[in-house]
Amino acid sequence: MANNNIKLADTMAGRVEQLAEQRRTIELGGGESRLQKQRERGKQTARERIDNLLDSHSFDEVGAFRKHRTTLFGMDRAVVPADGVVTGRGTIFGRPVHVASQDFTVMGGSAGETQSTKVVETMEQALVTGTPFLFFYDSGGARIQEGIDSLSGYGKMFFANVKLSGVVPQIAIIAGPCAGGASYSPALTDFIIMTKKAHMFITGPAVIKSVTGEEVTADQLGGADAHMTTSGNIHFVAEDDDAAVLIARKLLSFLPQNNTEEAEFVNPNNDVSPCEGLRDIVPIEGTKGYDVRDVIAEIVDWGDYLEVKAGWATNIVTAFARVNGRTVGVVANQPKVMSGCLDIDASDKAAEFINFCDSFNIPLVQFVDVPGFLPGVQQEYGGIIRHGAKMLYAYSEATVPKVTVVLRKAYGGSYLAMCNRDLGADAVYAWPTAEIAVMGADGAANVIFRKEIASAEDPEAIRAEKIEEYRDAFNTPYVAAARGQVDDVIDPADTRRKIAAALEMYATKRQPRPAKKHGNMPC
Ligand code: HXC
């Protein structure tokens with residue numbers, strides 16, 4: 001271990017050799033056998049993760065020689081290189097970032113006073129310099145030997161997470177155990193990437209069994225797939241550390257360094273030629289499903305987008321992409337899942353994404369094909385009112401440019417929740433297939449012509465006639481266009497050009513709001 005009590009050499013060369021020796025020892029973390037065990041589990045070491053994440057040779061470590069000051073329970077003799085966390089700064093695609101990486105080979109990566117202080121100081125540097133903060137979590141949690149000092153350390157991390165929130169992007173990479181209260185640190189960041197070698201839960205399988213009697217494996221309870229498909233706690237699943245780093249780098253490429261900047265323009269190619277393929281994706285029949293990601297891919301640069309929470313609340317798609325080189329956040333109903341209805345989870349997913357984009361000056365683009373909020377007792381009891389309200393709130397609060405394109409259905413409250421004109425959309429376009437109405441023609445005709453249908457000789461014939469009548473009158477884009485709710489009804493092939501032009505036009509958008517400490521978003 002790095003030792004302050006060594007006999008110092010008498011020459012500069014000797015001192016430099018001593019320094020190198022101490023550094024080699026620190027870099028060995030918990031020692032060869034523990035590093036080996038880490039690799040055998042398919043996990044990289046704390047330092048390998050940082051090296052892979054950052055541009056080569058850009059890592060500048062800070063605090064390698066830091067030591068804890070605990071003496072109880074044998075800690076005075078314990079070997080704790082870098083106090084179990086590697087911290088510092090470097091670059092990704094040439095842009096500065098701050099990083100921390102827990103070293104599981106050193107006391108299980110457990111966090112005591114000094115480890116937490118190192119992490120918090122790194123976060124403070126991210127704040128001061130306006131640079132993103134990325135943190136690899138791989139730890140047994142609070143260092144038990146340090147008692148309340150460990151808890152206090154976590155408290156300081158949470159506080160710092162919140163301080164950074166909305167100022168610099170924070171990305172958590174869960175690469176090993178992350179249990180108990182410790183999991184609230186990643187939960188307070190903007191994005192969680194989780195590898196399939198990792199677990200995250202508040203109480204593990206053993207505690208759950210003893211308290212509730214439920215039997216569950218660690219993977220079933222808190223593996224990456226469970227968090228992606230069931231709890232919705234994470235944003236990306238990665239097969240392993242290498243894949244996690246690729247996701248983190250790609251994600252960062254879409255984001256600005258901080259809330260006072262805009263994301264970098266990447267390869268703007270000014271290609272606004274018609275995308276004729278767009279005319280063939282959305283079926284004209286409202287009952288037919290399709291994959292809205294095909295629409296997104298046709299419109300965004302190079303067909304390239306990064307889907308966020310791709311495995312959860314799949315009835316809505318949230319993704320980062322670029323249009324003419326400019327980063328946008330895409331929110332799109334997904335008609336192939338639950339007909340694209342909005343439900344509790346979809347509302348939460350969208351609201352979180354909209355909030356993030358607004359915090360970091362990323363324009364929002366909506367693709368709307370939504371029949372309504374999902375009906376059902378469970379949805380009502382689960383609080384669809386307050387969850388759906390989050391979307392209304394997030395869109396209304398967002399002052400970034402907002403461009404909405406109605407592809408097909410846009411009914412009732414869900415039309416508003418997908419950012420219509422009244423919720424502040426700067427540009428609204430509708431395809432000729434759009435049906436912007438208070439509800440679908442079938443439902444509408446059944447309500448307003450109920451008596452007529454019931455008393456008719458042939459109720460079904462009258463019902464069909466009335467549905468047709470209502471559809472022709474209201475379920476088109478033209479009534480909305482006549483009221484100024486839609487700027488233009490467009491050929492689908494022109495969609496990319498229209499979005500690109502609107503983003504250009506509203507790039508200088510300024511929308512002051514009344515001064516307040518902060519709003520009160522429903523939760
Ligand atoms: C001190 C710890 C530690 C901890 C692990 N170690 N967790 N040391 N404090 N929290 C040490 C082990 O003693 C061991 O030391 C080494 O790390 C590796 O641990 P193993 O158990 O051998 O590894 P493994 O079998 O992979 O199991 C990993 C584990 C397990 C599942 C994480 O270590 C574990 O259950 N740890 C305790 C988890 C826990 O209860 N943490 C405190 C929670 S309270 P040696 O010397 O043998 O290599 C908490 C509150 C936070 O976190 C609240 C914040 C608000």
Side-chain angles (χ1 to χ4, degrees), residues 1 28-46 67-86 100-120 123 135-163 172 174-189 192 194-211 216-224 226 233 240-241:
M1 116 172 166
L28 262 183
E32 277 299 359
S33 66
R34 287 195 182 89
L35 290 173
Q36 187 53 28
K37 196 168 164 196
Q38 175 90 347
R39 293 193 187 101
E40 280 164 9
R41 289 175 161 180
K43 300 192 322 183
Q44 292 172 354
T45 68
K67 280 185 168 177
H68 69 84
R69 51 183 182 167
T70 322
T71 52
L72 294 174
F73 305 110
M75 286 297 286
D76 48 346
R77 298 182 307 281
V79 179
V80 197
D83 212 53
V85 69
V86 184
S101 179
Q102 289 178 316
D103 186 345
F104 190 79
T105 69
V106 176
M107 295 192 72
S110 57
E113 179 197 37
T114 300
Q115 175 174 136
S116 301
T117 303
K118 283 182 70 177
V119 173
V120 169
M123 295 166 86
F135 189 176
F136 291 95
Y137 295 78
D138 188 359
S139 164
R143 187 172 296 155
I144 295 162
Q145 294 88 331
E146 295 195 36
I148 189 128
D149 288 340
S150 307
L151 287 186
S152 166
Y154 270 109
K156 291 183 171 74
M157 270 195 239
F158 300 163
F159 194 85
N161 281 130
V162 176
K163 207 159 140 191
I174 315 291
C178 183
S183 42
Y184 284 117
S185 176
L188 290 167
T189 67
I192 302 180
M194 186 167 179
T195 75
K196 292 195 172 178
K197 317 285 175 198
H199 295 108
M200 178 167 68
F201 30 68
I202 296 294
T203 49
V207 175
I208 288 183
K209 187 165 182 215
S210 70
V211 176
V216 65
T217 66
D219 253 343
Q220 288 166 340
L221 183 67
N233 281 328
D240 54 19
D241 290 313

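The figures that follow rest on heavy atoms only: side chains count, while hydrogens, waters and symmetry mates do not. Each ligand, and each atom within it, is numbered from 1 in the order the structure gives.
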- Considering all protein heavy atoms, does one lie under 4.0 Å from atom 31 (C) of ligand 1? no
- Arg41 and ligand 1 - part of the residue with a heavy-atom distance under 4.0 Å: side chain
- With heavy atoms under 4.0 Å as the rule, classify the contact between Ser110 and ligand 1 as side chain, backbone, both or neither. side chain
- Item | Test of proximity, Ala179 against ligand 1: N or O pairs below 3.5 Å | no
- Scan for salt bridge (charged side-chain N to carboxylate O under 4.0 Å, His left out) pairs involving residues 176-185, sequence neighbours excluded, and state none if there are none. none
- Query: Purely on distance, is any nitrogen or oxygen of Tyr154 under 3.5 Å from one on ligand 1?
  - Reply: no
- Query: What about Ala142: any of its N or O atoms under 3.5 Å from an N or O on ligand 1?
  - Reply: yes
- Item | Contact atoms of ligand 1, heavy-atom distance to Phe158 under 4.0 Å | 55 (C)
Kindly list each side-chain donor-acceptor pair under 3.5 angstrom involving residues 175-188, sequence neighbours excluded, with atom names and distances?
unit_1, atom_1, unit_2, atom_2, d
Ser183, OG, Gly180, O, 2.6
Ser185, OG, Tyr137, OH, 2.7
Ser185, OG, Asn161, OD1, 2.9

- Query: Does the distance from a Lys or Arg side-chain N to an Asp or Glu carboxylate O, for Arg143 and Asp83, drop under 4.0 Å?
  - Reply: yes
- Task: Could you list the atoms of ligand 1 found under 4.0 angstrom from a heavy atom of Leu151?
- Result: 53 (C)
- Task: Could you tell me whether atom 50 (C) of ligand 1 has a protein heavy atom closer than 4.0 Å?
- Result: yes
